[in-house]
Number of protein chains: 2
Amino acid sequence: MTTTNTVTPTSDIKVADSAFLKALVQQIRANDSYGTLRNWADELILKPFVVSKQQKREISVDGDIDPITKGRILAFYRAIAARLEEETGQLAQVVIDLSHEGFGWALVFCGRLIAVSRTLRDAQRFGYESLEKLAAEGDKLTQQGVDYIKRFPEVSKV
Amino acid sequence: MTTTNTVTPTSDIKVADSAFLKALVQQIRANDSYGTLRNWADELILKPFVVSKQQKREISVDGDIDPITKGRILAFYRAIAARLEEETGQLAQVVIDLSHEGFGWALVFCGRLIAVSRTLRDAQRFGYESLEKLAAEGDKLTQQGVDYIKRFPEVSKV
């Protein structure tokens with residue numbers, strides 16, 4: 001197999017294989033008050049998180065960020081918060097501060113410690129090239145957060 | 001003089017007497033791109049931050065929070081960030097995460113440390129009974145933030 005940059009909307013990874021993707025699906029199902037997604041496969045539920053480079057280019061960043069995209073960003077960081085709780089036992093909170101132009105901050109914090117800190121830009125185009133990349137990014141941010149919590153345990157418990 | 005709970009929209013404190021109120025005025029003047037407020041007295045500029053209990057009761061919390069109120073909340077916490085920078089030399093950032101219903105978070109952070117953390121509710125009614133109370137609250141939050149930065153200097157520099 002050659003490594004290419006071609007778009008691969010289909011993916012080999014299964015949600016069941018990734019603790020982060022499972023946490024993300026859980027976030028979305030928890031907000032599915034009307035049961036619309038009840039019979040959907042996990043992979044289908046995560047499909048909107050997969051956005052190819054081509055698709056990103058086609059999304060305008062001039063307009064306001066739409067509430068559905070904002071909801072996806074929130075679900076992503078809440079899934080990281082849930083993973084941090086699983087890994088460390090610390091309660092984690094999420095704040096998303098987004099201007100209408102799609103710029104801002106995403107923070108996940110425990111006590112007085114910011115475990116995960118990301119600046120957001122062009123948030124209208126939020127998404128990853130594949131489920132694998134989505135899982136990898138979620139795992140990476142979770143791991144960084146766990147490291148900070150272990151490094152400053154006192155601050156995370158204030 | 002007797003202490004009463006009556007509304008006192010006029011106030012004895014001068015902006016020049018309070019480092020916090022000066023920082024707050026500075027925030028607002030900095031955003032006054034068209035010079036609308038150029039000839040206004042500092043006390044007049046801060047008038048919308050003074051909201052009596054009676055006035056608060058008259059503000060509905062059913063609707064969305066309006067952008068002007070949100071701007072005042074942002075100015076308030078940015079003034080605290082500016083004060084923290086003056087007191088500690090640390091760069092401080094502000095995030096405000098407000099739902100349309102007026103609930104949310106205000107955080108001021110330095111590095112990975114949350115120096116000031118407030119949950120917001122009924123943010124539509126944001127304001128203080130007098131300039132004195134506004135100054136006192138700003139000073140209190142600033143002092144708390146300074147204490148956290150002194151307690152966890154390492155985290156505030158990450």
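Values below: every heavy atom of this structure, side chains too, minus hydrogens, waters and symmetry copies. Computed from a prediction, not measured in an experiment: that's the story for all the values here. Proteins come first, then strands; the chains are lettered A, B, ... in the order of their sequence lines, and each starts at number 1.
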The single option from B/I149, B/L91, B/L141 that satisfies side chain to side chain contact (heavy atoms under 4.5 Å, CB included) with B/L84 is B/I149
For A/V158, is it the side chain, the backbone, both, or neither that has a heavy atom closer than 4.5 Å to a heavy atom of chain B?
side chain
Could you go through A/V15 and A/L24, starting from their C-alpha distance and side-chain angles, then the distance that decides it, and tell me whether this counts as side chain to side chain contact (heavy atoms under 4.5 Å, CB included)?
CA-CA 9 Å; A/V15 169; A/L24 184 53; over 6 Å; no
From B/L134 CG over to B/L46 CG, what is the distance, rounded to the nearest 0.5 angstrom?
6.5 Å
Just by distance, which donor-acceptor pairs between chain B and chain A come in under 3.5 Å?
unit_1	atom_1	unit_2	atom_2	d
B/I96	N	A/D97	OD2	2.8
B/D97	OD2	A/I96	N	2.8
B/R112	O	A/I114	N	2.8
B/R112	NH1	A/I114	O	2.9
B/R112	NH1	A/A115	O	2.8
B/I114	N	A/R112	O	2.8
B/I114	O	A/R112	NH1	2.9
B/A115	O	A/R112	NH1	2.8

Would you kindly confirm whether A/L131 and A/V51 end up in one hydrophobic cluster when ILVMFWY residues are joined by side chain heavy atoms under 4.5 Å apart?
no
Calculate, to the nearest 0.5 Å, the distance between atoms CD1 and CD1 belonging to A/I114 and B/I114 respectively.
4.5 Å
Mind checking whether B/V94 and B/F103 sit in one hydrophobic cluster, side chains of I, L, V, M, F, W, Y counted as touching below 4.5 Å?
no
Compute the centroid of each ring, for B/F109 and then for A/F109, and state whether the two points are separated by less than 6.0 Å.
no
Quick one: what part of A/L107 sits under 4.5 Å from any heavy atom of chain B, side chain, backbone, both or neither?
side chain
